[in-house]
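The block underneath contains the structure these notes are about, expressed in structure tokens.
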Amino acid sequence: MDAYLTILQLLDSTVRLATPLLLACLAGLYSERAGIFDIGLEGKMLAAAFFSAAVAAVTGSVWVGLLAGIAASLVLSAIHGIASITFRGNQLISGVAINFLAAGLTVLVAQAWFRQGGRTPSLFGKGRFEPITLPFAESLQSVPIIGPLYYELISGHSILVYLAFAAVPFTWWLLFRTRFGLRLRAVGENPAAVDTAGVSVVGLRFAAVGICGVLCGIAGAYLSTALQAGFVKDMSAGRGFIALAALIFAKWRPWHALYATLLFGLFGALETRPDVIEAVIGMKVQGQLLSALPYIMTVIILAGFVGKAIPPRAGGEPYVKER
Amino acid sequence: MTTAPAIELKGISKAFGPVQANKDISIRVMPGTIHGIIGENGAGKSTLMSILYGFYKADKGEVFISGKKANITDSQAAIAAGIGMVFQHFKLVENFTVLENIILGAEDGRWLKPSIAKARRTLVELAADYGLNVKPDALIQDIGVGMQQRVEILKALYRQADILILDEPTGVLTPSEADQLFRILDRLRSEGKTIILITHKLREIMEITDTVSVMRRGEMTATVKTSETTPAELAELMVGRKVLLRVDKSPAKLGDVVLDVKGLRVRDEKGVERLKGIDLQVRAGEVLGIAGVAGNGQSELLEILGGYADGTGSITVNGQPLDLTGKLSDGQSRRARGIAHVPEDRQREGLIMDFTAWENAAFGYHHDPAYRSGVLMNNAAIREDTEGKMERFDVRPPDPKLAAKNFSGGNQQKIVLAREIERNPDLLLIGQPTRGVDIGAIEFIHQQIIALRDQGKAVLLVSVELEEIIALSDRIAVMFDGHIMGERLPSETDEKELGLLMAGITDTDTPHSVEEVQANLAHAGEGAK
């Protein structure tokens, strides 16, 4: 029973750590399915993390903070969109610029506003997303097997976690069952087909980049107002890049994005529980090695270990009408 | 009683910077007719059609559809005006199904299911009305180009187009597929659709159109009834001078065997066998033409002969064996053995588009001592040499410092040809010599190939243009699915027989249905994938 509880606790932190990855991964999925590569997920998350924490700290309302985070992320998305869609610039360069911009500006503004060494004040009460206890979680706790599963794993997360998981089937449905999804996928594969069919390539791509901005905003807000209680420097810690690796791993499919980010979440969770690893493999593993595990996995996955992952064919290329 | 023309263009002009792509163009196309627009590459045909489809805005001029002035500002307006366009390069989403491609942009409402269901029903009707059968749930990437083109036509008909514009529709088709397309166009015409056919192939104009307009350098030089003109007259109108449509050549004076290929096998990078035991010989003073639908092993044959694919079997040149794998199986070693190669895709394999003409004219031969001064390249010498080549091969403009991408297709090809032919090779490999080349330049390139053969050199010609194969070759070998299906003499065969061989059918005397030919081709296509 003890082992069972340990596994549940491990999976519980897997879910919590996978959530920002999942949101960012889905954000990238929308953008890249529409043909806009976005390595600025990291920067958008970071900016959103800062602004949601800052605004939540000042207003005392986490919901206002969330909106501020989404707004900040959308501003960066708009920059990316204008640079790479309107002016047909290089999408990688625009993304890199956004990452640098966010990394520098968040700390700078944080210092100017709060004078706490680039942090925001700690959030408490209504300034944070609190865990939600689902109905009957307490009373069912004593039921064997299912009770702890429900109480430990399924119940007790913040609203954003449930939102992220609900976004998976919604994204699948939107992409594969609606007109908007058909057009979005088409514009990432062959924008000329969309254009000659009389649909605006620019409009579709901006819509995708906008959705990407909203999801990154939620991911960032989750980091600073749910997972942690406040913003610290570089708190996105490469999650935007891991989300990109997960996206490739998932081959740009929503359900697979969930599985991939859960896997990365598990690695993150293992890092916090070296005792579990020791119990399973029977030897002590260096903490640093465990911390590096998600990043090592990222490198392995990006090195093509997952087999052939074919990105959307028009990805990364600005659309220019040909003669 | 007079009916209004389906399309009337009045005084259309369009300039791109200093280039006047269209100059004061007017046409009238009556409903229920097929109107051909013929002209060389860069004559302004595609620009004109892009204006009609709303891709470009004309600087001056008016468009009337069925007698009413139309203001076509984008593709959406063109579709609304009843215009459908089948582009030369299809605008299809490769990993979508046929149905998804057809409804894209013309969906009924937000949800896909009812749209797909409706499109499926409509498709059945269209197939019955016009004989356009397709598999609705097949992915575009799994069907052949002929089928893809049908999907494009169906897309237009699904949007209730009354006017169809087809831009170089037969460029990617086999002769039998082209015949089938023409039957479809004929059917569409008899159902009252108006069709504009853009092409540079005179035969197609003569075969199917009712009226034809000729364009040259942005101007419309003539509009005539097809029944009242001749191919020679049209060619002259297109080029502005008399053009030899036939290749003038004397009988071949055969010499010794130069190229001898036995049991040649090549696998591609996925391990699929693309050449399945090829035997062939080319003699000095002879052009051997390799006919076949693209993707049946011709490219791999050129690649291994040219030294950039590995394989097994034997190849000898002038009696000496070539290495088929390893260090000495590369372009440099092949050139040293007297093999010159004009590759099929000149823009990818023949030239570096951003480099200048003189740099391109030296590639592969840059080790030549004449191009060197000490350890450095003697650029001045290369430039001077290139200037001479450009003059002899009539490359226009004759400026060695211009980047390769700034020359027209024909002139790019002449640069490659000059580089390879002037090395005086024993064997010339040449793939798709006139793909995307103007009719005037075609004449010149054909003359050069024949001149080389008359000097007693061996030429291996690969082309998907049957006309070209028949005109130039002294002997024709037909490839299908990695095999040589047979050899024929041009004087003793015709396009029909070759077309059947290209589809892998060897008993060419009995009649075969179109379906049988297509099924065979589709099978070969699977092998290629």
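Throughout, protein chains are lettered first and strands after them, A, B, ... in sequence-line order, and every chain is numbered starting at 1.
- No donor-acceptor distance shorter than 3.5 angstrom exists from the side chain of B:Lys45 to the backbone of B:Met215, with no hydrogens or angles considered.
- Partners of A:His256 by ring-ring contact (aromatic ring centres under 6.0 Å, His included), not counting sequence neighbours, listed by chain and number: A:Tyr259.
- In this structure, B:Tyr56 and B:Phe16 have perpendicular ring planes: the angle between them is above 60°, well past the 30° mark.
- Between chain B and the options A:Pro191, A:Ser200, A:Gly198, the largest number of non-hydrogen pairs under 4.5 Å is found for A:Gly198.
- Between chain A and the options B:Leu112, B:Asp74, B:Asn95, B:Asp167, the largest number of non-hydrogen pairs under 4.5 Å is found for B:Leu112.
- Contacts between residues 78-98 of chain A and chain B, counted as heavy-atom pairs separated by less than 4.5 Å, involve no residue at all.
- The number of heavy-atom neighbours closer than 6.0 Å to CZ of A:Arg313, taken from other residues, nucleotides and ligands shown, is above 12.
- Taking the six-membered ring for Trp and thresholds of 30 and 60 degrees, B:Phe87 and B:Phe55 have ring planes inclined between 30 and 60 degrees apart.
- If you measure heavy-atom distances from B:Asp108 to chain A, you find no contacts under 4.5 Å at all.
- More than 12 heavy atoms of other residues, nucleotides or ligands lie within 6.0 Å of CD in B:Gln88, so this atom counts as buried by the packing criterion.
- Comparing B:Gln76, B:Lys155, B:Glu107 by heavy-atom pairs within less than 4.5 Å of chain A, the highest count is held by B:Glu107.
- For the pair B:Pro136 and B:Leu123, the tightest heavy-atom approach, listed with the atom from each and the gap, is CB-CD2, 4.0 Å.
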Stepwise salt bridge (Lys or Arg N to Asp or Glu O under 4.0 Å) check, B:Glu168 with B:Lys201: CA-CA 9 Å; B:Glu168 302 280 0; B:Lys201 292 182 186 164; over 6 Å; no
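- In the displayed structure, B:Arg216 atom CZ is contacted under 6.0 Å by more than 12 heavy atoms of other residues, nucleotides or ligands.
- Interface remark: B:Leu92 contributes backbone atoms only to the contact with chain A (heavy atom separation under 4.5 Å).
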ring-ring contact (aromatic ring centres under 6.0 Å, His included), that's the test. Do A:Trp63 and A:Phe129 meet it? Break it down for me. CA-CA 9 Å; A:Trp63 289 101; A:Phe129 281 107; 5.1 Å; yes
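- Of all the heavy atoms in A:Leu76 and A:Ala47, the pair that sits closest is CD1-CB, 3.7 Å.
- Pairs engaging residues 35-45 of chain A under the side-chain hydrogen bond (donor to acceptor under 3.5 Å, both in side chains) rule: A:Asp38-A:Lys44, A:Glu42-A:Ser236 [sequence neighbours left out].
- Contact annotation for residues 174-190 of chain A against chain B (heavy-atom separation below 4.5 Å, listed by residue number): A:Phe176, A:Arg177, A:Thr178, A:Arg179, A:Leu182, A:Arg183, A:Arg185, A:Ala186, A:Glu189, A:Asn190.
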